[in-house]
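Only one structure is covered here, and it is reproduced in the block below.
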Protein chains: 2
Amino acid sequence: MKIGQLARKTGAERQTIRYYESLRLLDEPRRNSSGYRVYDDDAARRLMFIKRAKSIGLTLSEIRTLIEISVGKANRCEEIRSFAEDKLRDVREKISHLQTIEKALSDLKGLCESSGDDLHCPFIETLLDDCIKEN
Amino acid sequence: MKIGQLARKTGAERQTIRYYESLRLLDEPRRNSSGYRVYDDDAARRLMFIKRAKSIGLTLSEIRTLIEISVGKANRCEEIRSFAEDKLRDVREKISHLQTIEKALSDLKGLCESSGDDLHCPFIETLLDDCIKEN
DNA sequence: CTGAACCTTAAAGTATACTATAAGCTGTAT
DNA sequence: ATACAGCTTATAGTATACTTTAAGGTTCAG
């Protein structure tokens, strides 16, 4: 399988595949006589693993860590479990931060709906007031 | 007020203030005889407005939009309200995406706790299985 | 044999929001 | 007088995850 076929099979771009190789997320593939990269199904599986791991919010560098941990002879399960815990904590923090933002925005929007004309827009005025309070 | 005082007053870095100016988030200040930037309290208020707007999750480019809308003679309240609605939708989408991720991660972690040894780590194996399913 | 499709590399560009650096001028305290 | 803080500009670096471009070699159908 050459890089184009692998790209089609996995839905990744050719350049992305080379980029992942440069980050050592994919092993260096063997080359044919013209210097073209030649892949097997393991490479496709690895690429899908990366996709799936990205979809659960892992960064490329976290994915590399995961691959490094799990590609050795053993998976070092305990290490991976604690990795998952850390990540879960991150995600929960992000959610709670966004919920704070959601509340602030929906309060502001509520003000917009209840009062306000072009000369006294509560959205802007409240933001400005908050600034003054913080000062 | 020179740039350093403004920075101290608002908790922003001097470079950040110049950067915001280059993005037209801050008006070009007048200069003293040595070419130094000279600010007044309006500039400080604007800077705090930016900080507060950032804290509710707005990007610098959204903040510029908001400033452009609201700095004219009138605030154009209706426009701002619909801006807030769009942003609220964004934030809610982000939250729900993160909640999906949270569930996936916590399921995976649950598997790690219930079973698994170094040779068969459920976290990795499940990610791999998911890849195969998607293939 | 020519053109299209495919491959190679290295380097630069994109987006966001700064942060740091270099080289040099200004203002003030001692 | 000189050290030091503070100001100026332009440019480059940081982090993440690609995407694009340039310049060129390979493979295959017609």
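Throughout, a chain's letter reflects where its sequence line sits, starting with A, and its residues are numbered from 1.
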Exercise. Evaluate the criterion side chain to side chain contact (heavy atoms under 4.5 Å, CB included) for residue pair B:Asp41 and B:Lys9; output intermediate values, then yes/no.
Key: CA-CA 10 Å; B:Asp41 282 347; B:Lys9 186 168 182 174; 3.0 Å; yes

For nucleotides 25-29 of chain D, which of its nitrogen or oxygen atoms have a protein nitrogen or oxygen under 3.5 Å away, and what is each distance?
residue : atom : partner : partner atom : Å
D:dG25  : N2   : A:Tyr36 : OH           : 2.8
D:dT26  : O4'  : A:Tyr36 : OH           : 2.9
D:dT26  : O3'  : A:Ser34 : OG           : 2.9
D:dT27  : OP1  : A:Ser34 : OG           : 2.1

Practice problem: Apply the test side-chain hydrogen bond (donor to acceptor under 3.5 Å, both in side chains) to residues B:Ser61 and B:Arg64: give CA-CA distance (whole Å), side-chain angles for both, the deciding distance (0.1 Å), then the verdict. | Solution: CA-CA 5 Å; B:Ser61 114; B:Arg64 183 171 51 211; 5.1 Å; no

Is there a donor-acceptor pair under 3.5 Å between the side chain of [X] and the backbone N or O of [Y]?
X       : Y       : value
B:Gln5  : B:Lys2  : yes
A:Arg46 : A:Leu25 : yes
B:Lys87 : B:Ile56 : no

Quiz prompt | Of B:Ser61 and B:Gln15, the one whose closest DNA chain C nucleotide lies more 5' | solution =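 Between the two, 5'-proximity favours B:Ser61.
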
Whole angstroms only, please: what is the [atom1]-[atom2] distance between [X] and [N]?
X       : N      : atom1 : atom2 : answer
A:Tyr19 : D:dC18 : OH    : P     : 7 Å
A:Ile17 : D:dC18 : CD1   : C1'   : 13 Å
B:Glu21 : D:dT9  : CD    : C1'   : 12 Å
B:Tyr39 : D:dG6  : OH    : P     : 16 Å
A:Leu47 : D:dC18 : CG    : P     : 10 Å
B:Arg30 : D:dC7  : CZ    : P     : 15 Å
B:Arg18 : D:dT11 : CZ    : C1'   : 14 Å

Practice problem: Starting from the 5' end of DNA chain D, give me the residue, B:Arg37 or B:Arg8, whose nearest nucleotide shows up first. | Solution: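 Upstream on the strand: B:Arg8.
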
Exercise. Anything under 4.0 Å to a heavy atom of chain B counts; send over the first and last such nucleotide of DNA chain C, read 5' to 3'.
Key: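 It runs C:dA17 to C:dG27.
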
Quiz item: Roughly how far, to the nearest 0.5 Å, is the CG atom of B:Leu88 from the CG atom of A:Leu108?
Solution: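 Going from CG on A:Leu108 over to CG on B:Leu88, the span is 10.0 Å.
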
Quiz item: What pair of heavy atoms forms the shortest contact from A:Lys51 to A:Gly11, and how long is it?
Solution: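 Distance-wise, the nearest heavy atoms are NZ-O, 3.9 Å.
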
Quiz item: More than 12 heavy atoms of other residues, nucleotides or ligands under 6.0 Å from CZ of B:Arg31: is that the case?
Solution: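 Yes, CZ of B:Arg31 has more than 12 neighbouring heavy atoms, counting only those of other groups under 6.0 Å.
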
Quiz item: Hey, does A:Leu23 reach any base, or is it just sugar-phosphate, or nothing, if we go heavy atoms under 4.0 Å?
Solution: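 No contact.
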
Quiz item: Does the pair A:Asp42 and A:Asp27 meet the rule for a side chain to side chain contact (heavy atoms under 4.5 Å, CB included), with working shown?
Solution: CA-CA 10 Å; A:Asp42 279 349; A:Asp27 297 330; over 6 Å; no

